[in-house]
Each structure stands twice: as C-alpha cells, then as structure tokens.
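Contents: one structure, followed by commentary.
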Amino acid sequence: MHVLKRPEADAQALATALIEAKQQVGLCQVCFHFSADPVCEICRNPNRDDSTICVVADSRDVIALEKTREYRGKYHVLGGTIAPMEGIGPEQLHIQPLVQRVSQGTVKEVILAINPSVEGETTTMYVGRLIKPFTRVTRIAFGLPMGGDLEYADEVTLARALEGRRDLD
C-alpha cells in the first residue's frame, strides 16, 4: 500500500534498486552468507575467531545473531534445512563444504544454531553426526523468551529450558 501511494518515480527507483541488488549480491565462497564480494565481510575480518563456526539455516539467522553483538566467531549458512516432504535432502544444502572446513583441523567448536522444528532437529542431528569426529559440537540452548510466562509455555519449550540450564555467575 505504501508503494502504491508514492509517486511513480519512487516505485521505479525501488524496482531498479531491487534488480541491482539481485544482480550484485551472491553467496560468500566460504560461509554461503549473502555478500556482494566473493568472500563476505565476516569471513574477511581478521578480528573474528577462526576456531569457532556457528552453523545456521539461512542468512537471516546470521543477521539475528550479529544483532546480539555476543558472537565473535565465523558462520556457515546451510541454505535451508533437510525437508524430505519438500524434496530437500542433504545434497541440496551446503553441508559438504562445512565438513571440509571442519576436517582441516583448525576449528575447535561448531555451534549448531538451527531452529527447533522437525526439519531443524533432523538437520541438527545429521550435521552433528558428520562433524563430531573432527571437533567439539554444541548447540544453542532453547527456552523461554524474556518476559515470557511459564504457564503459557508448551511442554517441549519448558523441557528444553530445563535441559539448557546453566550455573548462575
């Protein structure tokens, strides 16, 4: 609705910008995050920790994690999750490049940060088994959002919150 209310020149400028973005932005050759360069800013950054890789399903997850300003390692974007009902198997994802990165021996930890859906759990288990022989494999904790009420949380979320508990500092 907003675009329809704007002058035609604004709509044309938006359309041109979208086409240019589609033509200029591709995938990083290392981690498969969106990038206008062959290697993305995160992979090129010498201040990032090369010994830790956070594995996510797509680039939106990288953006969400970067907003926290807590994670200082590198990433690997799978490009989705294993979803047999949709015809997406491990071959359609960027799993083998991850195994190659990890098998070189310089990675000390791989953090699996994939959504806890059925497809996400399948992908987490599959990827975890492939890279476990090479390095430490962890996964992010799942639980209650800030401001959430226990009484409204489902059983799986509460169980995950209990499993992911940690000592108070």
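When hydrophobic clusters are built by joining Ile, Leu, Val, Met, Phe, Trp and Tyr residues whose side-chain heavy atoms come closer than 4.5 Å, directly or via intermediates, Val102 is grouped together with Val55. Both Ile88 and Val99 are members of a single hydrophobic cluster when ILVMFWY side chains are connected at heavy-atom separations under 4.5 Å. Hydrophobic clustering of Ile, Leu, Val, Met, Phe, Trp and Tyr side chains at less than 4.5 Å, counting indirect connections, keeps Ile111 apart from Val127. The same ILVMFWY cluster, assembled from side-chain heavy atoms under 4.5 Å apart, contains both Val107 and Leu130. Using a 4.5 Å cut-off between side-chain heavy atoms of Ile, Leu, Val, Met, Phe, Trp and Tyr, with links allowed through other members, Ile140 and Tyr126 fall into different hydrophobic clusters.
Just one residue in the list Leu112, Asp61, Ile114 forms a side-chain contact (heavy atoms from CB on, under 4.5 Å) with Val56, and that residue is Asp61.
Rounding to the nearest 0.5 Å gives a distance of 11.0 Å between OG of Ser59 and OH of Tyr75. Rounded to the nearest 0.5 angstrom, Met85 CE and Glu119 CD are separated by 9.5 Å. To the nearest 0.5 Å, the span separating CD1 on Ile131 from CZ on Arg101 amounts to 10.5 Å. Leu14 contributes atom CG, which lies 9.0 Å from atom NE2 of His2 (distance to the nearest 0.5 angstrom). His76 NE2 to Ile95 CD1: the interatomic distance, rounded to the nearest 0.5 Å, is 8.0 Å. Taking OG1 of Thr135 as the reference point, atom CD1 of Ile53 lies at 8.5 Å (rounded to 0.5 Å).
No side-chain heavy atom of Lys22 sits less than 4.5 Å from a side-chain heavy atom of Leu18. Put simply, the side chain of Thr124 does not reach to within 4.5 Å of the side chain of Thr122, judged on heavy atoms. No side-chain heavy atom of Thr106 sits under 4.5 Å from any side-chain heavy atom of Asp50. Residues Arg44 and Asp37 are in side-chain contact: their nearest non-hydrogen atoms beyond the backbone lie under 4.5 Å apart. Residues Glu20 and Thr16 meet the side-chain proximity criterion, which asks for heavy atoms closer than 4.5 Å. Counting heavy atoms from C-beta outward, Phe142 and Thr157 have side chains that stay 4.5 Å or more apart.
Contact record, Ile63 with His33: CG1-CE1, 4.4 Å, taken as the closest heavy-atom pair. Here the closest non-hydrogen pair linking Ala113 and Cys54 is CB-SG, 3.7 Å. When all heavy atoms of Ser35 and Cys40 are compared, the closest pair comes out as OG-CA, 3.4 Å. A pairwise comparison of heavy atoms in Asn47 and Asn45 identifies N-OD1, 2.7 Å as the closest pair. Summarising the geometry of Pro90 relative to Ile82, their closest heavy-atom pair is CG-CD1, 3.9 Å, with the distance given to 0.1 Å. Nearest heavy atoms, Tyr71 versus Thr52: OH-O, 3.1 Å.
In this structure, the side chain of Arg48 engages the main chain of Gly73 through a donor-acceptor pair within 3.5 Å.
Using a 30° and 60° split on the angle between ring planes, Phe32 and His94 fall in the parallel class, below 30°.
Remark: Asn115 pairs with no residue by the side chain to side chain donor-acceptor pair (under 3.5 Å) rule, at least two apart or across chains.
Atom CZ of Phe34 sits in a sparse spot, with 12 or fewer heavy atoms from other residues, nucleotides or ligands closer than 6.0 Å. Environment of CD in Glu66: crowded, with over 12 heavy atoms of neighbouring residues, nucleotides or ligands closer than 6.0 Å.
Using a 4.0 Å cut-off between a side-chain N of Lys or Arg and a carboxylate O of Asp or Glu, Glu109 and Lys132 do not qualify as a salt bridge. Remark: Lys74 does not engage Asp49 in a salt bridge, criterion side-chain N to carboxylate O under 4.0 Å.
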> Taking it one step at a time, do Arg139 and Glu121 satisfy salt bridge (Lys or Arg N to Asp or Glu O under 4.0 Å)?
Replying inline: CA-CA 11 Å; Arg139 69 181 304 175; Glu121 290 294 304; 2.7 Å; yes
